[in-house]
Asker: 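Sharing a structure with you now.
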Amino acid sequence: MNNICEQKHITATVKNIKWERINLYIDVEVVCNNAEYNGKPLDFYLVNNKFISKGHFKTELISENVYRLYINITNPGYNRCIPRGTYSIRVCNGNDILACCVCDTSIVKKLADFSRSFLFGNRGKVYSVVFYVGDNDDTALPFVMYTMASGAISVGMPNPISLSPLEVTQKKKLPVFLAAFSAYFEKITKIFKKLFKKYLGVSAFRRFIKKYYSHKTKRLKSSDKTILFMSEQNPAITANQKAVYDKMLERGLDKEWDIMLSFRSAAAERQTIKSWLSTIKKVARSSVIVLDDHAPVFDWLILNKKTKVIQLWHAGAGFKSSGYSRWGNTGCPSTFSCHRQYSYGIAGSKHIAHFFSEVWGINTEQVLPTGMPRMDEYLDEEYKKATTEKLYELYPACKGKKVILFAPTYRGKDKAEAHYPYELIDFDKLYETCGDEYVVLFKMHPWVAEGVPIPQKYSDRFFDVGTYPNINDLFYITYLLITDYSSNIFEYSLMRNPMLFFAYDEIQYSFSRGFHRDYAESAPGKIVHTFDELIEAIKAKDFELEKVEKYVEEHFDYIDSGASDRVIDWLILGNMPKDMRKAIDDVFDDVKKTANLDFTSLDDTQPEEVL
């Protein structure tokens, strides 16, 4: 790369910075001082003090001479966070380095406000992005960005173990001889804890599993046609995985492929050594691993590079943030996690693929719009007809009535705390509103253990269907879906029937869980915040039904029963459409090209390293 910054053919000034979750946007005004460069394409690179580019910004021209630079700090293209370093932004045309971005004076004092810290690792670690002005230029204000991941440090009162017996005496008000014994006992306890953790604890167990995996990958003969359907969340194969598995059997692929299953609730329940060894042995044998959710084991067990990992995420497309889209919030992943190991994921359409890639910290091009395999059965007309008849037999009160399905997501941090505040439901008003027109089915999230407290006197119109296994089936007889932030709207939208969104805690939920897109703009129906508003909307049939069709157009590239075949053909067998394969290759080619750019000609023009 040729450093011609001193010739000042252009100047590049940072005018504004903004964040959208983990997505960083920087507005840069480019002024051309040499007509030769007017209108020429510009590239913006994030260059560290070792003269290595760690990011190639995506750009959009938002006005005549203002570029909006975009980069995902958790994945600038290589499925990892931007590494620790002190960075400048270099503006290039081909092999020419034309300028270093400088700060506009209007934002210099705001740089600290623009900086961000993202907590992770149970809030014991932090990833920081700090902006400031470099001090190696007396005539300009060089724009500098510093990134670093760090752990917690011990602060506050000294540890009693480090105290002398006299200090322990004063601190604990013990006799001197007891204080001495207490101090040494705590010291010995600490030593034993360290030894236990090293040789018998979690760390030792993980080291053992890693060695076992490495041993088995070398010893076991695995062909290119060995596939493992795996879940660490569920004890049995369901939904997307089952649809693909069944389709492989239907197509006779079990005669060509060695198909294995590993299903257990390891994320929530302790497993035996036998269970672990069995699972890891299957993992070691696999050339393809098919997941349906987060697999915690792969947060720390790094798979063989030849292993293809396909994520058939169970959620179609809701609003709740998860994975890296809620980075910095409680329960978010670490800088490296299971998600980073996905070769491919799936979505309903290209339009929504970026929601999933943001969650997983991978490139959007790796998310293929196959559609949801579990919907193959859902969209089958014969299945729909047979299931509808069965539902009317199970719930005869629904026949001839308009069915309201009340199906919100859970509240609480996890499965153990999952609940729903039933006190918000005014059963009296809802029953009165139903009259002879409606019946209500209550289908709570599977994690909510407590049943719906339906008053006995209303049992002719209200029914708790929590034990019914497949919510999608219930959509066939549903006229109105009442939900909140759940992804069940994805399947239901294809019924083209109305929805109401009872978001009584929208503000609180947006902070505790977060949304990966604007809730008000994206909800395919009317949003209400009180139960009285909900009742009034039902009475007035005020559902904003026109939003449903727009939602369908954006979320489905295919409305058919071919999603399982597309997953098999495109992702498992490798017969991906050429344009999709090229898009994936182009991204990684750009990453390689960016990493290999030689910025050493900058030499002493970089900002000084932050210690």
Side-chain angles (χ1 to χ4, degrees), residues 20-23 58 60 70 72 74-75 79 239-240 243-244 291-294 310-327 339 342-376 378-379 409 472 475 481 483-496 499 501 510 513-525 527 546-564 566-567 570-571 576-577 579-580 583-584 587:
E20 188 177 88
R21 299 179 302 282
I22 53 178
N23 304 308
K58 295 180 181 178
E60 176 189 2
Y70 155 76
N72 179 336
T74 68
N75 176 28
N79 298 352
N240 287 334
V244 173
L291 303 174
D292 73 333
D293 207 326
H294 174 231
I310 300 170
Q311 176 58 262
L312 306 182
W313 197 256
H314 59 283
F319 307 99
K320 295 179 291 186
S321 289
S322 59
Y324 289 99
S325 71
R326 64 188 309 269
W327 216 39
H339 303 318
Y342 303 157
S343 307
Y344 308 109
I346 65 170
S349 73
K350 288 182 180 179
H351 183 81
I352 63 172
H354 66 284
F355 294 135
F356 294 86
S357 62
E358 183 179 306
V359 166
W360 301 326
I362 64 175
N363 296 321
T364 300
E365 291 77 7
Q366 293 171 262
V367 182
L368 284 297
T370 61
M372 296 291 116
R374 68 174 181 270
M375 295 185 69
D376 291 349
Y378 177 65
L379 294 170
T409 191
N472 288 357
F475 294 157
L481 173 65
T483 187
D484 41 27
Y485 320 111
S486 175
S487 63
N488 57 28
I489 61 175
F490 184 73
E491 288 86 352
Y492 183 73
S493 67
L494 292 180
M495 297 294 103
R496 266 79 172 189
M499 298 178 233
F501 293 83
S510 68
R513 282 301 302 263
F515 298 131
H516 60 67
R517 50 179 163 168
D518 188 272
Y519 184 63
E521 293 181 6
S522 305
I527 299 172
E546 67 279 1
K547 294 181 178 180
V548 174
E549 196 60 40
K550 179 184 177 183
Y551 181 91
V552 172
E553 290 175 4
E554 293 179 347
H555 287 69
F556 295 90
D557 283 355
Y558 303 94
I559 302 177
D560 59 17
S561 295
S564 295
R566 284 188 286 273
V567 168
W570 296 3
L571 306 184
M576 192 182 298
D579 61 326
M580 296 181 187
I584 294 172
V587 171

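As the structure is a computational prediction, the values presented were derived from the model and not from experiment.
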Asker: If we only count heavy atoms from C-beta on, is the Thr370 to Trp570 side-chain gap below 4.5 Å?
Answerer: yes
Asker: With sequence neighbours left out, what residues match Tyr70 under ring pair (Phe, Tyr, Trp, His ring centres under 6.0 Å)?
Answerer: Tyr25
Asker: How many angstroms lie between atom CH2 of Trp360 and atom OG of Ser322, to the nearest 0.5 angstrom?
Answerer: 9.0 Å
Asker: Examine distances only and state if a side-chain atom of Ser486 and a backbone atom of Thr483 form a donor-acceptor pair shorter than 3.5 Å.
Answerer: no
Asker: Excluding sequence neighbours, so at least two apart, what forms side-chain hydrogen bond (donor to acceptor under 3.5 Å, both in side chains) with Ser564?
Answerer: Asp376
Asker: Of all heavy-atom pairs between Ala353 and Ala347, which one has the smallest distance, and what is that distance?
Answerer: CA-CB, 4.2 Å
Asker: Could you pull out all residues at least two apart from Tyr344 that satisfy ring pair (Phe, Tyr, Trp, His ring centres under 6.0 Å)?
Answerer: none
Asker: Could you go through the side-chain contact (heavy atoms from CB on, under 4.5 Å) check for Ile22 and Glu358 one step at a time?
Answerer: CA-CA 8 Å; Ile22 53 178; Glu358 183 179 306; 3.7 Å; yes
Asker: Using the salt bridge (charged side-chain N to carboxylate O under 4.0 Å, His left out) criterion, which residues pair with Glu549? Sequence neighbours excluded.
Answerer: Arg496
Asker: Taking Gln366 for the side chain and Ser343 for the main chain, is one N or O donor matched with an acceptor at less than 3.5 Å?
Answerer: yes
Asker: Given the side-chain rings of Tyr519 and Tyr485, with only the six-membered ring counted for Trp, is the space between their centroids under 6.0 Å?
Answerer: yes
Asker: Should Arg566 and Tyr558 count as side-chain neighbours, where that means a heavy-atom distance under 4.5 Å?
Answerer: yes
Asker: Distance from Met495 atom CE to Tyr378 atom OH, nearest 0.5 Å?
Answerer: 3.5 Å
Asker: Working note: Lys350 + Met580, criterion side-chain contact (heavy atoms from CB on, under 4.5 Å); need CA distance, chi angles, decisive distance, verdict.
Answerer: CA-CA 11 Å; Lys350 288 182 180 179; Met580 296 181 187; 4.1 Å; yes
Asker: Looking at residues at least two apart in the chain, or sitting in another chain, which of them share a side-chain contact (heavy atoms from CB on, under 4.5 Å) with Asp293?
Answerer: Gln233, Trp313, His314
Asker: Output yes when Arg374 and Asp292 qualify as a salt bridge under the 4.0 Å nitrogen-oxygen rule, no when they do not.
Answerer: no
Asker: Quick one: pull up CE in Met499 and CG in Asp484 and give me the separation to the nearest 0.5 Å.
Answerer: 13.0 Å
Asker: Is a donor on one side and an acceptor on the other found under 3.5 Å between the side chain of Ser349 and the backbone of Glu554?
Answerer: yes
Asker: Do the non-hydrogen side-chain atoms of Val367 and Ile346 ever get within less than 4.5 Å of each other?
Answerer: no
Asker: Show the nearest heavy-atom pair for residues Gly525 and Phe501, with the distance to one decimal.
Answerer: N-CE1, 3.6 Å
Asker: Got Ile489 and Tyr551 here, is their nearest side-chain heavy-atom distance under 4.5 Å?
Answerer: yes
Asker: Counting C-beta onward and ignoring hydrogens, is there a side-chain heavy-atom pair between Leu494 and Ile559 closer than 4.5 Å?
Answerer: yes
Asker: So, taking the atom named CG in Leu291 and the one named CG in Asn240, what distance separates them when rounded to the nearest 0.5 Å?
Answerer: 12.0 Å
Asker: To the nearest 0.5 angstrom, please state how far the CD atom of Glu521 sits from the NZ atom of Lys547.
Answerer: 9.5 Å
Asker: Listed by chain and number, what are the side-chain hydrogen bond (donor to acceptor under 3.5 Å, both in side chains) partners of Thr74, not counting sequence neighbours?
Answerer: Asn72
Asker: So do the side chains of Lys550 and His555 get within less than 4.5 Å of each other, counting heavy atoms only?
Answerer: no
Asker: Rounded at 0.5 Å granularity, tell me how far CE in Met375 sits from CG in Asp560.
Answerer: 10.0 Å
Asker: Just do the side-chain contact (heavy atoms from CB on, under 4.5 Å) check on Tyr324 and His339 with the steps written out, would you?
Answerer: CA-CA 9 Å; Tyr324 289 99; His339 303 318; 4.2 Å; yes
